[in-house]
Amino acid sequence: MSLRDGGYADNVLRVNLTEGTWSNERLDPAVARLLLGGKGIGAYYLYKNSEPLVDPLSPENPFIFVVGPLTGTTAPTAGRFGIVTKSPATRTFLDSYCGGFLGQTMKFAGYDAIIVQGAARTPVTLVLDNDAVRLEDATDLWGTTTTEATTKLKEKHGLGFQTAVIGPGGERLAPISGLFSDERTAGRGGAGAVLGSKKLKGIAIRGTGSVKVHNPGEFDEAVWVAYRMLRMSNQIKRMNDDGTANILGLVNAAGALPTRNYQEGQFEHSNAMTGEAWRKEYWKRSIGCYGCTIYCSKIAYAKTRDIAIDGPDFETIWAMGVNCGLTDKEAIIYSNYLCDLYGVDTISVGNIVGFVMELYQKKMIGPSELDGVRAEWGSGDALVALTEKIAKGEGIGALLQKGVKEISRHYPGSEDFAMQVKGLEMPAYHPNAAKGIGLSYAVSDRGGCHLRGSPLSEILGGADPLATEGKAELFQTNQFDTAIIDATIMCYFVKFGITLKEVFQMVNPCTGFEYKNPRDLERVGERITVLARLFSTREGFTVKDDTLPKRALAEPLPSGPAKGHVMELEKLRTEYYHLMGWDEHGIPTERRVADLGLKEILD
Amino acid sequence: MAVSPGKTVRLNRLFNPRDGRAVCVAADHGWMSDPTPNVLELKRILGEVARGGADGVLVSYGTALRMGNFFLGKDAPALLLRADWMNMPRLGGSNVSNILPAVNFRKKATSFAHDALQMGASAITIYYFIGYSDAFEAVNIEQAATFAIECRKIGLPLIIEPMAVGGIVTGVNVTEILVASARIAVEIGADALKIPYTNDVRSFRKLVNEARVPVLVLGGAKSDEPRDALELVDEALQAGASGVVFGRNVTKARDPRKMVADICSLVHGRQTIDEILGVGVKKHGRLRPIAMNCTGCRVCEAACVHFHSTEFNQEMSRLRIEFKYRATEPHLSKPVVCPLCNKCVEACADGALKIGSDGYLVLDKSLCDGCGDCVEACPLHLMVLQDDGTPLFCDLCEGNPQCILWCQKNAIVLTGRKGSDRHVA
């Protein structure tokens, strides 16, 4: 039974940008079975193809595109791709996933992974026409926005090609820059900067091949059940109707919606920011990524600016709206638009603007240092002005684009409220009001992130968000589940309708690997999580980095359902390490690494 | 020792003595969630449900008082009374444009079993939550045991509804927890169970076998496709379930009477699911796109390819999603589908390509000379000449168009012969 008959392309492309050469190699079946694909094989190739402590913006940092065994099949949302590399923002493990239409095309073109190493001397685009590989001169694209670059690539190569490009933010090596594929993005952690340092403007792929699965009959049945469960899910229906912003009211009701740079957990104008409010005033229609029936994406049209975007999503509405004390929807749409054009992450940008507004509030920074901008809470003009500077890296934007951790170095005392972990800005859930999420921010493999196992269920009725009992285990389970989703590569949101059992029911007939039960698949999730951790450990990260800013640890929330609460990190972190079988420094023990079968493939 | 005579008589009021099965409708959502239409129009809906032939209807004490007339008479549905309250829907997930969001999970008994008996109930139903937390589980067990004791004394059947939510419940253990909860509920004294489907026949069969009392599968959130509810019922019956308790999938349906009638037909063995859904009956008509509904997800293309092949790709699709990029309208898309315009048929000099008696294109390979004239003649460029010389064309999936089946936004419909649209269920 070959990998080719089990959902895989059984082919990995290795590109050396320095030499301008490339080669193809097979996928190791042992690696596929142990790590499944996507995040799993990405982490593997990153670990094996880099030395410790390389500069993330150096040619020695590999940049890996990945897909999973389900990619290209009829499994729900199976058109995504991922990227794995070392982050210039956190200087540790980075993985990021993107919807749109590139993923399945990459698989149909015949690639499970594309490892990009070295750096080109002048700007290039990597063009893959099935197995025909070309590095094309991209001088005419360098400096263009993501939209312009995408349009030009599609005009040049034809609509059969799918693309992913960086914007000026990535070219400028901003640690908040991302990779953009049509309207979707692998936004967080500075993926754009890594490609910018390699002078790789983007990738264009056409794929006319096919994907086979091991047992099509059983696979099709499992896929149909998965789609049915998505149709019968209330939470999915809410995504459909009100987009990702459908949870804003809930998060606010739990007192966990960070307001004005996490000073509070509830926003007095939250009603203006709910999905329902946006739907009534701004959504024009829903759009979907490849193979997706969740349609969380909404097209919003801003009348006063005459622009339309895919968005804004919940995190952007929070970061640029609630976090800045704003309700100006047109300003939020326009700021989202600027971030998309210039290729930077809206969550980080919004978090940065909120941080600047608090510095302004505390008179630690004034209009003169901000090129005249009056960074007052609730000011849509300030949001737009600062976003434009950050997106373009102009004026004060040159500093601000470096992220709140770096900015806080220039303003002593402000580290306490620079809401980031390991250099990645925190997202839309307050760690003081949701203890499981607080733990996940501190310990997640890529820093302050809500998509690497954060138990959002604790705010959505699955547990008492303020309790600590059982949270370490809840996070751990979520972390493994999410790692599997990121390995098959499906969309995170399928978890609102199906469980690991349904994923298992698709993975087995797809790959033919014969995992005996969902527990076996959970083991794969643990293995991937530990592998990412080993990378981080090799970079010198320990328990001292698994921490939170002082506002989370020692500043009780002043009001709301979580009034008086701080994040009890130490207790939960210790419990989590214990559950994982790691030592008190947060390092996986040799015994645990061997038990997981990682030793053989890493040595 | 046998089950008490009182319980036996009342259970047989609910479960049809001929096949031991029951179709129940849950209409008790009013006291746990916001007043959605299915709650406000309960009178009309109950009337339709009764006309559909439901064997039992689950309501709250207040509804039983005011709408008791629905339960009168030999052919009327049996009255099932909800004897406890819980606030899980308000915790999150469901109705949360909520006036009353809840932060803490609570469950309280709200009736005595003898009250239900006085109302004329044939059974009471109570929740049993497992997995959320130790303390909450203990509360649930104690309440269940109290009801069981009372029900035993007065001969009233007890239906327990185990639910595995929150806390330690994960995708890895949810099925095992549900199976265990079924057993525990019976040990406490349940005479029947109302329980979620585990989403595969094998594990649900295990649950049914270990329970050893009648198991009614519950429906959960409503799908926009009526066939989903029916498929779920069919699978549960295959696993040995004794029937269903469906709430929102019936009360929020466009036609509650038909939904109940179809489920009754399936459960009581009058029709197979294929007969109810018309599977195998070829659908006639022409594909028509409704562009403004299209989200560009291309599930239709993927389904089209895979229906005709065991493989998956983007090339062999017989329809196409076209995208337009405009600055103020990113990602505009529309389906381009075969309208059966007949131009390919006319172009075929050998008469190999025809529209057959079932109303879709068929190719007689023995007459095809691989000239490709049909492909060139297609005004929408939907046809492709394959390696073996024969054309790739839309065959309406031989009367069961998959693009329509998989599209959830109604972006492709089947136009009837007289030009009227009929959405294929």
Chemist: Parallel under 30°, tilted from 30 to 60°, perpendicular over 60°: which one fits the rings of B/F204 and B/Y197?
Modeler: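 Because their plane-to-plane angle is over 60°, the rings of B/F204 and B/Y197 count as perpendicular.
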Chemist: Between A/T105, A/T293, A/D242, which shows the greatest number of heavy-atom pairs under 4.5 Å with chain B?
Modeler: A/T293
Chemist: What part of A/R519 lies closer than 4.5 angstrom to a heavy atom of chain B: side chain, backbone, both or neither?
Modeler: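 It is both, since atoms from each part get that close.
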Chemist: What part of A/V211 gets closer than 4.5 Å to chain B, counting heavy atoms only: side chain, backbone, both or neither?
Modeler: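 Both backbone and side chain.
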Chemist: Ignoring hydrogens, what is the shortest heavy-atom contact between A/I294 and A/C292? Give both atom names and the distance.
Modeler: N-SG, 3.1 Å
Chemist: What option among B/V172, B/I168, B/V299, B/V169 has the most heavy-atom pairs under 4.5 Å with chain A?
Modeler: B/V172
Chemist: Could you have a look at A/Y301, A/W224, A/Y227 and say which one has the most heavy-atom pairs with chain B under 4.5 angstrom?
Modeler: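 Most heavy-atom pairs under 4.5 Å with chain B: A/W224.
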Chemist: Using a cut-off of under 4.5 Å for heavy-atom pairs, which of A/I287, A/D182, A/T499, A/L500 has the most such pairs with chain B?
Modeler: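 Answer, by heavy-atom pair count under 4.5 Å with chain B: A/I287.
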Chemist: Please flag which part of B/E176 lies under 4.5 Å from any non-hydrogen atom of chain A: side chain, backbone, both or neither.
Modeler: side chain
Chemist: Between B/N293 and chain A, with a heavy-atom cut-off of 4.5 Å, which part of the residue counts as in contact: side chain, backbone, both or neither?
Modeler: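 For B/N293, neither part sits under 4.5 Å from chain A.
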Chemist: Need one label for A/K154: side chain, backbone, both or neither, based on atoms under 4.5 Å from any heavy atom in chain B.
Modeler: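 Just its side chain gets close to chain B.
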Chemist: Between A/E458 and chain B, which part of the residue has a heavy atom less than 4.5 Å away: side chain, backbone, both or neither?
Modeler: neither
Chemist: For A/K471, is it the side chain, the backbone, both or neither that has a heavy atom under 4.5 Å from a heavy atom of chain B?
Modeler: neither
Chemist: Please tell me whether A/E276 and A/N271 have a donor and an acceptor in their side chains that are separated by less than 3.5 angstrom.
Modeler: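 Checked: A/E276/A/N271 side chains show no N/O donor-acceptor pair below 3.5 Å.
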Chemist: Can you give me the closest heavy-atom contact between B/P335 and B/A411, atom names plus distance?
Modeler: CG-O, 3.6 Å
Chemist: Between A/G217, A/S286, A/P455, A/S457, which residue shows the highest count of heavy-atom pairs closer than 4.5 Å to chain B?
Modeler: A/S286
Chemist: Run the ring-centre check on A/F504 versus A/Y515 and record whether the distance is less than 6.0 Å.
Modeler: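 No, the ring of A/F504 stays outside the 6.0 Å limit from the ring of A/Y515, centre to centre.
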Chemist: Could you look at B/E231 and say if it's the side chain, the backbone, both or neither that has a heavy atom under 4.5 Å from chain A?
Modeler: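 The answer is both parts of B/E231.
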Chemist: Which answer fits A/M229, side chain, backbone, both or neither, if we ask what part of it has an atom under 4.5 Å from a heavy atom of chain B?
Modeler: side chain
Chemist: Applying side chain to side chain contact (heavy atoms under 4.5 Å, CB included) to B/V250 and B/I263, what does each step give before you reach the verdict?
Modeler: CA-CA 10 Å; B/V250 167; B/I263 297 175; 4.2 Å; yes
Chemist: Determine the minimum heavy-atom distance between B/S181 and B/I130, stating which atoms define it.
Modeler: CB-CG2, 3.9 Å
Chemist: What I want to check is whether the side chains of B/E311 and A/S210 have a donor and an acceptor closer together than 3.5 Å.
Modeler: yes
Chemist: Given the options B/V174, B/L232, B/V305, which has more heavy-atom pairs under 4.5 Å with chain A than any of the others?
Modeler: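 Sorted descending by pairs with chain A, the first entry is B/L232.
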Chemist: Contact part of B/Q314 toward chain A, heavy-atom cut-off under 4.5 Å: side chain, backbone, both or neither?
Modeler: both
Chemist: Do you know the tightest heavy-atom contact between B/V201 and B/A239?
Modeler: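 Minimum heavy-atom separation between B/V201 and B/A239: O-CB, 3.6 Å.
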Chemist: Sort A/V223 into side chain, backbone, both or neither according to what part of it lies under 4.5 angstrom from a heavy atom of chain B.
Modeler: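 For A/V223, the side chain is the part near chain B, not the backbone.
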Chemist: For the residue pair B/R298 and B/S333, confirm or rule out a side-chain donor-acceptor distance under 3.5 Å.
Modeler: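 No.
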Chemist: On the ring face of B/Y127, is B/K107 found with NZ or CZ under 6.0 Å from the centre and within 45° of the axis?
Modeler: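 Judged by the rule, B/K107 and B/Y127 form no cation-pi pair.
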Chemist: Evaluate side chain to side chain contact (heavy atoms under 4.5 Å, CB included) for B/N313 paired with A/T208, printing each intermediate quantity in order.
Modeler: CA-CA 7 Å; B/N313 60 60; A/T208 63; over 6 Å; no
Chemist: Begin from the C-alpha positions of A/M506 and A/V225 and carry the test side chain to side chain contact (heavy atoms under 4.5 Å, CB included) through to its verdict.
Modeler: CA-CA 10 Å; A/M506 287 188 282; A/V225 168; over 6 Å; no
Chemist: Checking B/I321 against chain A: side chain, backbone, both or neither under 4.5 Å from a heavy atom?
Modeler: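 Looking at B/I321, nothing touches chain A.
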Chemist: B/C297, B/G171, B/G166, B/G296: which one forms the most heavy-atom pairs within less than 4.5 Å of chain A?
Modeler: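 It is B/C297.
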Chemist: Could you tell me which portion of A/D220 (side chain, backbone, both or neither) has an atom closer than 4.5 angstrom to a non-hydrogen atom of chain B?
Modeler: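 When you check distances to chain B, only side chain atoms of A/D220 fall under 4.5 Å.
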Chemist: Give, as side chain, backbone, both or neither, the part of A/Q505 having an atom under 4.5 angstrom from any heavy atom of chain B.
Modeler: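 Side chain of A/Q505 only, per the 4.5 Å heavy-atom cut-off to chain B.
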Chemist: Non-hydrogen atoms of chain B under 4.5 Å away: do they reach the side chain of A/F219, the backbone, both or neither?
Modeler: side chain
Chemist: Between A/E221, A/E469, A/E473, A/K284, which residue shows the highest count of heavy-atom pairs closer than 4.5 Å to chain B?
Modeler: A/K284
Chemist: Given a strict heavy-atom distance threshold of 4.5 Å, which part of A/L159 is in contact with chain B: side chain, backbone, both, or neither?
Modeler: side chain
Chemist: At their closest point, which heavy atom of B/T175 faces which heavy atom of B/S203, and how far apart are they?
Modeler: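 Scanning both residues, the minimum pair turns out to be CG2-CB, 3.4 Å.
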Chemist: What part of A/K495 lies closer than 4.5 angstrom to a heavy atom of chain B: side chain, backbone, both or neither?
Modeler: neither
Chemist: Can you say whether B/Y132 sits under 4.5 Å from chain A via the side chain, the backbone, both, or neither, judging by heavy atoms?
Modeler: side chain
Chemist: Checking heavy atoms, do the side chain of B/H331, its backbone, both or neither come under 4.5 Å from chain A?
Modeler: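 Both parts, backbone and side chain.
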Chemist: Going through the checks in order, is the side chain to side chain contact (heavy atoms under 4.5 Å, CB included) test met by B/Q408 and B/D224?
Modeler: CA-CA 8 Å; B/Q408 282 183 198; B/D224 287 335; over 6 Å; no
Chemist: Please classify the contact of B/N104 with chain A as side chain, backbone, both or neither, using a heavy-atom distance under 4.5 Å.
Modeler: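 For B/N104, the contact with chain A is made by the side chain alone.
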Chemist: Pick one of side chain, backbone, both or neither for B/V165, based on which atoms fall under 4.5 Å of a heavy atom in chain A.
Modeler: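 Answer is neither: B/V165 stays 4.5 Å or more from chain A.
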Chemist: Tell me which of these, A/K501, A/K212, A/R228, A/E183, has more heavy-atom pairs under 4.5 Å with chain B than the rest.
Modeler: A/R228
Chemist: Compare every heavy atom of B/C403 with every heavy atom of B/L319, then report the nearest pair and how far apart it is.
Modeler: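 Taking B/L319 first and B/C403 second, the nearest heavy atoms are CD1-CB, 4.2 Å.
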Chemist: Among A/R285, A/R184, A/K298, which one satisfies salt bridge (Lys or Arg N to Asp or Glu O under 4.0 Å) with A/D310?
Modeler: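 Looking at A/R285, A/R184, A/K298, the match for A/D310 under the salt bridge (Lys or Arg N to Asp or Glu O under 4.0 Å) is A/R184.
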